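Every chain is numbered from 1 and lettered A, B, ... according to where its sequence line falls, protein lines coming before strand lines. Everything numeric in this text was worked out from a predicted model, so none of it was measured.
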Protein chains: 2
Amino acid sequence: MARKKNSSADVTGPRIRAAALRLFARHGYAAVSMRQIATEVGVQAGTLYLYTPDKQSLLFDLMQQHMQDLLAELAILPPATTPLADLENFTRFHIRFHQARSDAVFISYMELRNLEPANFDRIEALRRDYEAHLVTILARGKAAHVFELPDTKLATFAVIAMLTGVNTWFREGGRLSLDAVEEIYWQMVRKAVGA
Amino acid sequence: MARKKNSSADVTGPRIRAAALRLFARHGYAAVSMRQIATEVGVQAGTLYLYTPDKQSLLFDLMQQHMQDLLAELAILPPATTPLADLENFTRFHIRFHQARSDAVFISYMELRNLEPANFDRIEALRRDYEAHLVTILARGKAAHVFELPDTKLATFAVIAMLTGVNTWFREGGRLSLDAVEEIYWQMVRKAVGA
DNA sequence: GTCTATATCAGGATAGAC
DNA sequence: GTCTATCCTGATATAGAC
């Protein structure tokens with residue numbers, strides 16, 4: 001079926017989401033007005049409502065998309081043959097993926113409290129899926145006696161917190177390349193789990 | 001000099017700050033109105049302005065107080081005789097202190113972007129003072145060859161992120177006591193720094 | 001020291017012209 | 001598909017009564 005020639009709907013929608021992502025990350029969901037988002041995109045405030053039913057949906061869609069992307073990318077990671085290699089893959093993947101989408105990461109961790117309960121539950125479920133992946137890796141390594149872990153669940157929390165923390169300070173063009181950071185963190189993770 | 005008999009100024013001020021702390025932590029600075037704070041305290045909105053010049057000062061004061069408390073408590077930690085003992089003290093202190101003030105911690109990490117630039121700089125300086133303390137411990141241990149660290153600064157970030165992460169999941173009365181959590185995290189920190 | 005009342009402004013969202 | 005205009009609500013902050 002032919003598309004309308006001058007339709008900009010396909011470009012305006014994504015631009016609205018991109019602007020909202022940027023602004024929510026910089027200033028926080030509650031502090032950003034629909035007018036600001038519209039100005040950033042170069043349309044009037046009313047126009048936004050052609051693309052989203054309301055502000056809350058805009059936030060939820062951004063977070064859901066981020067978590068789904070995260071899980072999708074994780075799912076296509078080449079499988080490793082040992083728990084140690086699995087953990088290394090996960091570590092490097094987590095740092096790289098999160099660094100490439102720092103705005104979305106920021107929002108997904110900071111704006112949970114601005115989600116309506118039903119939306120919150122759905123995002124939390126996705127986050128738990130992601131955690132579960134690391135839990136599995138650590139549990140396998142522990143069972144195989146290659147990891148020494150007092151508590152698998154806490155090790156999962158610790159590793160994820162540690163890796164996500166990279167986003168708070170890493171800046172492209174700084175003292176260390178992302179490759180170097182990956183390597184250093186991997187060494188710390190490896191040691192932390194007793195491998 | 002005699003105080004006024006029925007003055008409740010000394011109690012209203014702290015109650016306002018306590019309410020603001022709670023509400024900012026739950027819903028975020030931008031999402032909380034002065035009316036909500038006033039309602040929580042049981043006064044009218046206008047009354048708040050007898051105790052704070054504006055909403056921004058209220059946020060800044062809470063964050064500054066938190067950071068100053070943190071540094072003050074850190075300063076009176078009994079000094080240890082080895083870098084390893086120093087690191088253990090720091091680890092346990094960080095977990096305990098942050099757990100006891102989870103609202104203030106939450107705000108101090110999440111609401112930085114809602115500070116006016118001058119206020120932001122002052123809070124950041126305090127945060128760097130705190131980090132510097134851990135940097136020193138790690139650098140000493142590295143110099144004494146009791147820690148094996150590819151990068152002292154990154155290890156500092158990693159340890160603080162890991163420890164602060166406890167606040168995102170720990171709940172009193174859960175599976176593990178705070179003592180147990182402290183112990184498990186200490187083991188992970190110890191290994192991560194190669195000790 | 002606190003309240004009531006209000007000035008002033010900006011927010012989310014909608015209706016209808018083009 | 002976008003804009004203009006607007007409704008309604010609720011925000012911060014202040015003035016002045018009690």
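Applying the side-chain hydrogen bond (donor to acceptor under 3.5 Å, both in side chains) test to every pair with at least one member in residues 68-79 of chain A, sequence neighbours left out, gives these pairs: A/Gln65-A/Asp69, A/Asp69-A/Arg101.
Judged as a side chain to side chain donor-acceptor pair (under 3.5 Å), and not counting sequence neighbours, the contacts of A/Asn114 are A/Glu111. Residues meeting the ring pair (Phe, Tyr, Trp, His ring centres under 6.0 Å) test with A/His133, sequence neighbours left out: none. Taking the side chain to side chain donor-acceptor pair (under 3.5 Å) definition, one finds that B/Arg22 meets it with B/Glu40, sequence neighbours left out. Under the rule for a ring pair (Phe, Tyr, Trp, His ring centres under 6.0 Å), the partners of B/Tyr130 that lie at least two apart in sequence or sit in another chain are B/Phe90, B/His94.
A sub-4.0 Å separation between OP1 or OP2 of C/dT2 and a side-chain N or O of B/Tyr51 is present. Residue A/Thr12 places at least one side-chain N or O closer than 4.0 Å to OP1 or OP2 of D/dT2.
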Response to the item:
Nucleotide by nucleotide, nucleotides 4-12 of chain C touches protein heavy atoms under 4.0 Å in the pattern (B base, S sugar-phosphate only, - none) B------BB
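When rounded to the nearest whole Å, the span between CD1 of A/Ile16 and P of D/dG1 equals 11 Å.
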